[in-house]
Amino acid sequence: MTTSPSAQRLNAAQLDAVDPLAAFRDRFDIPNGIYLVGNSLGAMPTSARDYVRVELDRWSTLGVEGHFTGELAWKNYHALVAEQLADLVGARTTEVVAMNALTVNLHLLMVSFYQPTPTRHKVLIEAGAFPSDHFAAESQIIQRGFDPADSLITITPRPGEETLHRSDILAAIDTHGAELALVLLPGVQYYTGQVFPMADITSAAHDVGARVGFDLAHAVGNIALSLHDWDVDFAAWCSYKYLNAGPGGVSGVFVNERHISDQTLPKFTGWWGTNPDTRFEMATTFDAVSTAESWQLSNAPILSLATLRASLDIISEAGGMAALRKKSELQIAYLDRRLAEVVGERVKNITPLAIDERGCQFALQVTNGAGRDVFDQLEHRRVFCDWREPDVIRVAPVPLYNSFTDLEQFVQILNEAVS
Ligand SMILES: *Cc1c(COP(=O)(O)O)cnc(C)c1O
């Protein structure tokens with residue numbers, strides 16, 4: 001825990017005054033109210049308009065030549081984000097590519113990394129997985145001719161508990177051992193905000209001969225990641241949550257270097273995965289790009305990548321994940337403290353309290369069961385947060401654009417709503 005004891009005693013205005021990232025709030029268009037829902041849709045970088053306008057202007061003046069002209073040539077536009085994405089997830093630049101949407105990419109990656117055999121066919125996910133991830137795993141199992149009743153293993157928290165114990169996750173991997181083909185888990189759980197022990201999960205899965213993929217939808221831009229060093233096989237994330245790339249933003253993918261040159265790996269292919277030097281010769285021999293780009297199928301959605309670039313440039317300017325997480329830990333400590341002081345037992349946070357087991361999201365339960373009413377009141381008072389069935393209000397202080405004053409105002413409004 002890096003929070004200094006003196007910071008614990010400062011009030012919101014004092015913390016804002018000494019916050020080195022405070023000025024970045026002005027780089028975003030934030031809807032009128034208290035915006036605490038960056039876990040669902042990150043706020044809009046004001047510069048996104050300019051990045052998109054540049055591409056519209058290039059289209060307007062260059063037409064088809066925009067594909068090949070200048071530093072922003074569309075044929076290579078996806079590569080403009082690779083280095084920044086690699087920094088955020090702890091990867092080599094060659095291990096990442098921005099393409100498609102998250103669930104699409106989970107499928108494409110499972111085509112490569114879920115290779116069931118009659119003896120090794122199981123996929124381990126959480127019982128509380130995000131539905132899209134559940135559907136993706138289930139349908140991949142069916143697609144390969146297996147039965148989810150035998151092959152889809154779901155892990156559940158202990159009775160009366162909300163989050164998973166590290167030891168229970170590792171024990172489940174061990175139990176299914178030789179039958180386990182793939183472990184597909186989140187980096188940060190979308191409902192509880194729990195950070196999964198990704199390094200330990202990866203080595204446990206590899207020990208039993210299984211592959212490991214992580215859904216980083218709630219992890220990227222929220223917590224520090226070291227996918228390469230952890231030796232994760234693959235990962236995917238979306239860019240509209242903590243990466244602020246806007247609705248439907250382009251997903252990102254990580255494929256471990258070890259697998260990139262493996263020609264035996266099954267893969268769905270398209271022309272954007274072949275050698276760009278010969279791509280336009282229109283030959284039909286697939287000559288895989290020697291990076292994660294070989295998983296690309298189609299030419300890239302330039303306007304969506306433009307908004308992602310706008311956001312990634314701001315994140316880089318702010319000092320990257322280390323700087324964001326430093327502030328985030330202060331915000332987490334501040335909100336913990338003020339919730340305890342002001343709201344007390346009337347609201348329970350089911351997110352783990354240990355700082356290395358949580359990102360910026362809080363998953364709040366109203367203890368008298370009136371959570372839905374409280375949420376409606378928060379919305380009415382223009383607190384942007386969200387409700388997730390059955391009983392959780394999710395709020396996420398985002399270090400790039402939320403102030404400590406936002407958090408204080410939220411606590412006061414929440415207190416009135418639960419009173
Ligand atoms: C947000 C989220 C998704 C969304 O999937 P899309 O394909 O981008 O619509 C999927 N899985 C998880 C865990 C998420 O948090």
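Atoms within a ligand are numbered from 1 in the order they appear, just like the ligands themselves. As the structure is a computational prediction, the values presented were derived from the model and not from experiment.
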Quiz prompt | Whether Ser251 side chain and Trp237 backbone form a donor-acceptor pair below 3.5 Å | solution = yes
Self-check item: Partner of Val253 under side-chain contact (heavy atoms from CB on, under 4.5 Å), chosen from Asn100, Leu108, Asn105, Val104
Solution: Asn105
Practice problem: Ignoring hydrogens and angles, state whether a donor on the side chain of His121 or Glu179 is under 3.5 Å from an acceptor on the partner side chain. | Solution: no
Quiz item: So which of Tyr190, Phe135, Tyr240 gets nearest to atom 6 (P) of ligand 1, if we judge by its closest heavy atom?
Solution: Tyr240
Go through ligand 1 atom by atom and flag the ones less than 4.0 Å from a non-hydrogen atom of [X].
X: His218; result: 15 (O)
X: Lys241; result: 1 (C), 2 (C), 3 (C), 14 (C), 15 (O)
X: Thr103; result: 5 (O), 6 (P), 7 (O)
X: Asp215; result: 11 (N), 12 (C), 13 (C)
X: Ala217; result: 2 (C), 12 (C), 14 (C), 15 (O)

Quiz item: Would you call the rings of Tyr35 and Tyr401 parallel, tilted or perpendicular, where under 30° means parallel and over 60° means perpendicular?
Solution: tilted
Practice problem: Verify whether the ring centers belonging to Phe113 and His259 lie closer than 6.0 Å. | Solution: yes
Quiz item: Which bit of Asp133 gets closer than 4.0 Å to ligand 1, counting heavy atoms only: side chain, backbone, both or neither?
Solution: side chain
Quiz item: Does the ring of Trp387 carry Arg394 above it, NZ/CZ under 6.0 angstrom from centre and within 45° of its axis?
Solution: no
